[in-house]
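Following: one structure in structure tokens, then a few remarks.
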Amino acid sequence: MMRTHHCGALTREQAGQVVTLMGWVHGRRDHGGILFVDLRDRYGITQLVFDVEKDAALHEQANTLRNEFVIAAQGVVRIRPEESVNPLLSTGEIEIEVTSLDILNPAKTTPFLIEDHVQATEALRLKYRYLDLRRPKMQRLLRLRHEVVYHIRRLLHGQGFLEIETPILTKSTPEGARDYLVPSRVNPGEFFALPQSPQLFKQILMVGGVDRYFQIARCFRDEDLRLDRQPEFTQIDLEMSFVQPNDIMGLVENILRTVCRDVAGIELANPFPRFTYRQALSRYGTDKPDRRFGLELHDLTPMARHVTFKVFRDAVEAGGIVMGLNVKGGAAIARSQIDRLIEVAKGFGAKGLAWVKIAEGWTLESAIAKYLDPDLLRRTWPEAEPGDLLLFVADGPSVVYEVLGRLRLHLGEELQLIKKDRWEPLWITDFPLLEYDPTEQRYVALHHPFTAPYPEDIPLLDTNPAGVRAQAYDLVINGFELGGGSIRIHQRETQQKVFDLLGMTKEAAREQFGFLLEALEYGAPPHGGIALGLDRLVMLLGGAESIRDVIPFPKTQKAQCLMTEAPSPVSREQLKELHIRLDLD
RNA sequence: GGGGCCGUCGUUCAGCUUGGUUAGGACGCCAGAUUGUCAAUCUGGAGGUCGCGGGUUCAAAUCCCGUCGGCCCCGCCA
């Protein structure tokens, strides 16, 4: 018996036809003489009818059906009585009067119901992922992910990109994230690493004259998990030769705008707003701002020099800054709630959180009111007005940004300021190339060591490395870092200089990246690219809670797969073959 | 490595603050009834090592300690 239609296909057009459907028993409604069965597959649900008066034996057979049985049913498409039409189903105008039923496979009672509105715990869903994936919501996300990938392939192909695979078994490098290691049986004591990204290979492809490369690339990082971080994840990775940052940002914007419109009906701004790293920090306290609400940071450092409040003055004199948030209408917030905010701020690393309520007539209600001059405050902060609550943090710049940036998000969520239906993409540019790491006592690359500085900043590499700006750009949507890229260094000399600044010896550089340095000497074209987090993109487009919902078989926070129970111990023989001895303690 | 929330019939929750009843509701499951339902309905029934281990107590789902697991966050993630 062959399936003639899927379960979302039939309408009144097919009335009278003899059809065969196959699928899962989604539900069953027994009215005694008449029995309804909802048959489900990926495409929809079709109602089957068994009437005792038409065929008593068949009706009896149908009585043995249970949820999630896999069946084949042959019958006649029949238009439903008008009052029985179900407008919620695409097939709601018809039903199948079954003439023959085949049970292809029975099913045990499932641990949870295959329905969107029944919420099993995530752990249970992950253990029985094959059941979870049957739920319409998960089917929708699987399809969405496919559509995104399909459209991106189509668009990049149309722009002349070649999809090229790069090795999964590759070379470990100490820079960056922890590597997943794979032992080499034929090279005792040596290991491959799984790629954190195809970064070096795509640059080599540019040297290889490929001009435009892309890959839907699996990447691996052995770091702790978050709701938007899995040990293996997928990047939309691309690289182009002979380009400037604008070429890549423009191309990525166009592709994203098209994809979001075509697969989700979402219109993104044109062009995406751009902020420098400095601007983002000073306005939002973070380099991945959520612009679906205001509540921007306000700099009060100049005013702080002129107030008698010791906390402010001391902070400024120590080279720190004073910044604030204006909670519009926040004067109505209770003291107890402000006390909780203070604790939240301390949890973010603040020593304290000063606050001022502006009452009618610009009188200040605050523990520090006596230190503040209302007129001065009014001039410094023109947007502040009676009824507002002002919050202040005084500390070193990084602490102030961190605390107010996170407090801004906290308040955005708590006061429901975030416009959840908005889409706010943006670029962050002009990142510092390097950052001094006090614990390692050396400079580290903010992006990665192959990022090119602005040509005019190259002299600063010798005099003021921390002041060198990178030709790097991050893409942020709704507060999620969706991707990042840069123009790469294509000259050996500059690359060597950056390795030097990172404290890498010539020998270490040669050992780890010798092939790249060498490649740069054989006519490497100027090039650059970007990598976008596919999982995060699909999560946002699908309104999913975490990237686990858009990865068919994700890991738990302990990096385990609850279905396969990976990772798992291996036999002594396997280890011996790989020349590995365990040292567990 | 650290902080927080959670773990009770198959599932999802209540009960825990203040220790003491036969551990309860909803959904699911089983049986019966039911000829137009579509979260069908009605009646009845079964179903629990209260995550695990230890402690306190006459008595522990409840209090204490440890441990395992899930989630969120910090660190980490070039």
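Heavy-atom basis, side chains included; hydrogens, waters and symmetry copies ignored. Reminder, nothing fancy here: chain letters follow the sequence lines and each chain counts from 1.
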Please confirm whether A:Phe450 and A:Phe513 have ring centers closer than 6.0 angstrom.
-> yes
A:Phe553 vs A:Leu562 side-chain heavy atoms within contact, under 4.5 Å | no
A:Asn67 CG to B:G10 C1': how many Å, rounded?
-> 13 Å
Got a sec, which residues hit side-chain contact (heavy atoms from CB on, under 4.5 Å) with A:Gln139, two or more places apart in sequence or on another chain?
-> A:Arg42
Assign A:Arg78 to base, sugar-phosphate, or nothing according to its heavy-atom contacts below 4.0 angstrom with the strands shown.
-> base
Watson-Crick or G-U wobble partner of B:A59, both distances under 3.5 Å | none
Please write out the pairs of protein N or O atoms and N or O atoms of nucleotides 68-75 of chain B separated by less than 3.5 Å, giving the distance to one decimal.
residue, atom, partner, partner atom, Å
B:G69, OP1, A:Lys558, NZ, 3.0
B:G70, OP1, A:Thr556, OG1, 3.0
B:C71, OP1, A:Gln557, N, 3.3
B:C71, OP2, A:Gln557, N, 2.9
B:C71, O3', A:Arg548, NH2, 3.1
B:C72, OP1, A:Arg548, NH1, 3.2
B:C72, OP1, A:Arg548, NH2, 2.9
B:C72, OP2, A:Arg548, NH1, 3.4
B:C72, OP2, A:Gln557, NE2, 3.4
B:C72, N4, A:Gln557, OE1, 3.4
B:C74, OP2, A:Arg226, NE, 2.9
B:G75, N7, A:Arg226, NH2, 2.9
B:G75, O6, A:Asp224, OD2, 3.4
B:G75, O6, A:Arg226, NH1, 3.0
B:G75, O6, A:Arg226, NH2, 3.0
B:G75, N1, A:Asp224, OD2, 2.5
B:G75, N2, A:Asp224, OD2, 3.2

Could you check whether A:Glu83 gets within reach of a base, just the sugar-phosphate, or nothing at all, counting any heavy atom under 4.0 Å?
-> nothing
Under 4.5 Å between any side-chain heavy atoms of A:Leu39 and A:Ile45, yes or no?
-> no
Choosing from B:U11, B:U35, B:A39, which nucleotide comes nearest the side chain of A:Ala120?
-> B:U11
Aromatic ring pairing A:Tyr43/A:His6, orientation class (parallel under 30°, perpendicular over 60°, tilted between) = parallel
pair_partner(B:C77), Watson-Crick or wobble, both distances < 3.5 Å, evaluates to none
With sequence neighbours excluded, tell me which residues meet ring-ring contact (aromatic ring centres under 6.0 Å, His included) with A:Phe36.
-> A:His31
N/O contacts under 3.5 Å, protein versus nucleotides 40-49 of chain B?
residue, atom, partner, partner atom, Å
B:A40, N6, A:Asp30, O, 2.4
B:A40, N1, A:His31, ND1, 3.4

Using a heavy-atom distance cut-off of less than 4.0 Å, which residues of residues 474-498 of chain A contact RNA chain B?
-> none
Is the distance from OP1 or OP2 of B:U12 to the nearest side-chain N or O of A:Thr121 less than 4.0 Å?
-> yes
Can you check salt bridge (Lys or Arg N to Asp or Glu O under 4.0 Å) on A:Asp395 and A:Lys351, steps first, answer last?
-> CA-CA 8 Å; A:Asp395 213 312; A:Lys351 295 190 192 75; 2.8 Å; yes
Taking only residues two or more places apart in sequence or in another chain, which ones pass side-chain hydrogen bond (donor to acceptor under 3.5 Å, both in side chains) with A:Glu93?
-> A:Arg12
Cationic N near anionic O, under 4.0 Å, A:Glu239 to A:Arg488 | yes
Just how far, in rounded Å, is C1' of B:C29 from CZ of A:Phe69?
-> 13 Å
Within this structure, what is the CD1-to-C1' distance between A:Ile45 and B:A39, rounded to whole angstrom?
-> 12 Å
Under 4.0 Å between any heavy atoms, over every strand shown, what does A:Leu35 touch: base, sugar-phosphate, or nothing? Just pick one.
-> nothing
Pairing partner of B:U17, by Watson-Crick or G-U wobble and under 3.5 Å for both distances, is none
Could you tell me which nucleotide pairs with B:C5 by Watson-Crick or G-U wobble geometry, both distances under 3.5 Å, or answer none if nothing does?
-> B:G70
For the pair A:Glu122 and A:Lys127, find out whether any cationic side-chain nitrogen is under 4.0 Å from an anionic carboxylate oxygen.
-> no
Could you work out the separation of B:C29 and B:C65 based on their C1' atoms and round it to a whole Å?
-> 39 Å
Report the distance from atom CD of A:Glu175 to atom C1' of B:C76, rounded to the nearest whole Å.
-> 15 Å
Between A:Glu223 and A:Gln47, just flag the one whose closest nucleotide in RNA chain B comes earlier from the 5' side.
-> A:Gln47
Interatomic distance where CZ belongs to A:Arg135 and C1' belongs to B:A39 [whole Å] | 15 Å
Could you check which nucleotide pairs with B:A31 in any of the strands shown, counting Watson-Crick or G-U wobble with both distances under 3.5 Å?
-> B:U43
Applying side chain to side chain contact (heavy atoms under 4.5 Å, CB included), run through A:Tyr436 and A:Gln441 and close with a yes or a no.
-> CA-CA 7 Å; A:Tyr436 192 75; A:Gln441 300 210 325; 3.8 Å; yes
Please give the nucleotide sitting opposite B:A26 as a Watson-Crick or G-U wobble pair, both distances under 3.5 Å, or none.
-> B:U11
Touch class at under 4.0 angstrom, heavy-atom based, for A:Thr451 against every strand present | nothing
Is a donor on one side and an acceptor on the other found under 3.5 Å between the side chain of A:Asp41 and the backbone of A:Gly44?
-> yes
A:His448 has an atom NE2; how far is it from atom P of B:C77, in whole Å?
-> 15 Å
Please state how far atom CZ in A:Phe220 lies from atom C1' in B:C77, giving the value in whole angstrom units.
-> 16 Å
Rounded to whole angstrom units, what separation is found between the NZ atom of A:Lys54 and the P atom of B:G36?
-> 14 Å
For A:Pro449, report the nucleic acid contact type (base, sugar-phosphate, nothing); a contact means any heavy atom under 4.0 Å.
-> base
Examine the side chains of A:Gln199 and A:Gln203 and answer whether a donor and an acceptor come within less than 3.5 Å of each other.
-> yes
